[in-house]
Amino acid sequence: MSSLPPADEAKRAAAARALEMVEDGMMLGLGTGSTAGWFVRLLADRIRREGLSVEGVATSSATVWLAEELGVPLRRLDDVDLIDLVVDGADEIDGELNLIKGGGAALLQEKIVAAASARMVVIADSSKRVAQLGRFPLPVEIVRFGWTATRRLVEELLATMDVDGHRIEVRLGSKGAPLVTDEGNHILDLHLGRIGNPRRLASALNMVPGVVEHGLFIDMAHSAVIGHPDGVAEVIRRPGGDPVDIVELMRNQDA
């Protein structure tokens with residue numbers, strides 16, 4: 001019997017199943033968050049036990065710290081042509097494997113690394129699967145200059161979107177001041193309840209001056225590994241399952 005709490009056992013199971021997809025010589029994208037942290041730990045253990053030869057590109061300073069502590073070799077994204085596989089968590093996953101990410105405040109780097117990867121695998125416990133995105137607050141990363149003006153523009157935008165809620169909160173850090181991301185930005189958390197058209201909202205947010213990035217990952221995940229408290233993990237493939245062309249993806253979001 002596992003001594004882990006059920007939620008952690010589910011996360012560990014998902015990470016372990018994703019680790020089976022890793023092959024010698026791969027360049028890996030290492031995600032951020034509690035489930036991605038399990039993947040980094042299990043990867044480090046496999047490197048020690050098997051002599052697995054891989055390198056990783058981290059998606060946040062927190063992941064850099066964890067990987068370095070555990071002895072996972074890291075590279076800078078600027079020094080890498082292509083990432084073979086990125087393994088990352090998600091805050092919500094819908095039936096088409098569209099995601100909400102950014103609960104760990106690393107959505108900008110996570111999306112850049114995902115876009116630079118040949119394949120993205122999302123790992124999560126079963127509580128992250130939803131019929132429709134929006135229950136989890138949608139993070140939107142914004143520049144600090146004029147951030148109150150950017151917030152007003154986002155509020156005006158939401159009034160035109162198919163969502164159930166319009167409340168916006170500035171994410172705060174540990175000292176009560178607005179949180180500052182690794183890239184020096186702030187985060188707005190949009191409490192929407194339900195997102196009727198994630199693709200349209202993603203495209204619209206991309207057009208708001210001051211918005212750097214948002215936590216809607218549309219058509220980016222190739223598959224998801226869902227872990228359960230009994231240690232079982234299931235692999236769900238995105239409908240179509242073809243590699244994502246990031247240029248075509250941007251065209252589709254703007255359509």
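Sequence positions, counted from 1, serve as the residue numbers for this chain.
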Review item, side-chain donor-acceptor pairs of residues 13-27, under 3.5 Å, at least two apart:
residue : atom : partner : partner atom : Å
R17     : NH1  : E20     : OE1          : 3.2
D24     : OD1  : S53     : N            : 2.7

### Query
Does CD in E55 sit with more than 12 non-hydrogen atoms of other residues, nucleotides or ligands closer than 6.0 Å?
yes
### Summary
Which of L179, T181, L172, V180 passes side-chain contact (heavy atoms from CB on, under 4.5 Å) with H186? It is V180
### All pairs passing salt bridge (Lys or Arg N to Asp or Glu O under 4.0 Å) where residues 225-236 contributes a residue, at least two apart
R129-E234
### Message
Using modelled atom types and a 3.5 Å cut-off, is there a donor and acceptor pairing between side-chain atoms of D91 and backbone atoms of G103?
### Response
yes
### Charged N-O contact under 4.0 Å between E155 and R151
yes
### Task
Please test V122 against D88 for side-chain contact (heavy atoms from CB on, under 4.5 Å), starting from the C-alpha separation and ending with a verdict.
CA-CA 5 Å; V122 181; D88 204 350; 6.0 Å; no
### Message
Using only atom types and a distance under 3.5 Å, with no angle test, would you say the side chain of N98 pairs donor to acceptor with the backbone of D219?
### Response
yes
#### Entry: Any donor-acceptor pair under 3.5 Å from D84 side chain to A118 backbone
no
### Minimum side-chain heavy-atom gap L43-L28 below 4.5 Å
yes
### Message
Between R49 and D45, does any side-chain N to carboxylate O distance fall below 4.0 Å?
### Response
yes
### Task
Just grab all the side-chain hydrogen bond (donor to acceptor under 3.5 Å, both in side chains) pairs involving residues 34-44, residues at least two apart or on different chains.
K11-S34
### Query
According to the salt bridge (Lys or Arg N to Asp or Glu O under 4.0 Å) rule, which pairs have a member within residues 157-168, sequence neighbours left out?
D162-R194, D164-R194, R167-E169
### Query
Hey, mind stepping through F136 and V130 against side-chain contact (heavy atoms from CB on, under 4.5 Å) and telling me if it holds?
CA-CA 10 Å; F136 188 91; V130 297; over 6 Å; no
### Side-chain heavy atoms of P209 within contact of L153, under 4.5 Å
yes
### Single hit among T150, I142, N185, I187 for side-chain contact (heavy atoms from CB on, under 4.5 Å) with V212
N185
### Those residues that, when tested against P6, pass side-chain contact (heavy atoms from CB on, under 4.5 Å) (two or more places apart)
P229
### Task
Report yes if some heavy atom in the side chain of L30 is under 4.5 Å from a heavy atom in the side chain of L74; otherwise report no.
yes
### Task
Could you note down all residue pairs passing salt bridge (Lys or Arg N to Asp or Glu O under 4.0 Å) where residues 117-126 supplies at least one of them, sequence neighbours left out?
D125-K128
### Query
Do side-chain atoms of H214 reach the backbone of L205 as a donor and acceptor pair under 3.5 angstrom?
no
### Task
Would you give the length of the straight line joining atom OG of S127 to atom CD1 of I226, rounded to the nearest 0.5 angstrom?
9.0 Å
#### Entry: Side chain to side chain, V87 and L85, heavy atoms closer than 4.5 Å
yes
### Query
Below 4.5 Å, heavy atoms only, C-beta onward: do L99 and L216 meet side chain to side chain?
no
### Task
Please answer whether the main-chain N or O of R200 pairs with a side-chain N or O of S203 as donor and acceptor at a distance below 3.5 Å.
no
### Task
Might you confirm whether atom CZ of R135 has over 12 heavy atoms from other residues, nucleotides or ligands at distances under 6.0 Å?
no
#### Entry: Validation row: L201, L158 side chains within 4.5 angstrom (heavy atoms)
yes
### Query
Donor-acceptor pair, S117 side chain versus V113 backbone, under 3.5 Å?
yes
### Message
Test your reading of the model: is there a side-chain donor-acceptor pair from K111 to the backbone of G215, 3.5 Å cut-off?
### Response
no
### Task
Would you please test E141 and E183 for side-chain contact (heavy atoms from CB on, under 4.5 Å) and show each step?
CA-CA 10 Å; E141 188 160 345; E183 298 301 316; 4.1 Å; yes
### Task
Check for a donor-acceptor pair, side chain of R238 on one end and backbone N or O of A221 on the other, with a separation under 3.5 Å.
yes
### Query
Does R46 use its side chain to pair, donor to acceptor, with the backbone of E50 at less than 3.5 Å?
no
### Task
Before accepting this row, confirm whether a basic side-chain N of the pair R171/D189 lies closer than 4.0 Å to the acidic partner's carboxylate O.
yes
### Query
Q132 and I195: side-chain contact (heavy atoms from CB on, under 4.5 Å), yes or no, with the steps?
CA-CA 7 Å; Q132 194 165 32; I195 302 174; 5.7 Å; no
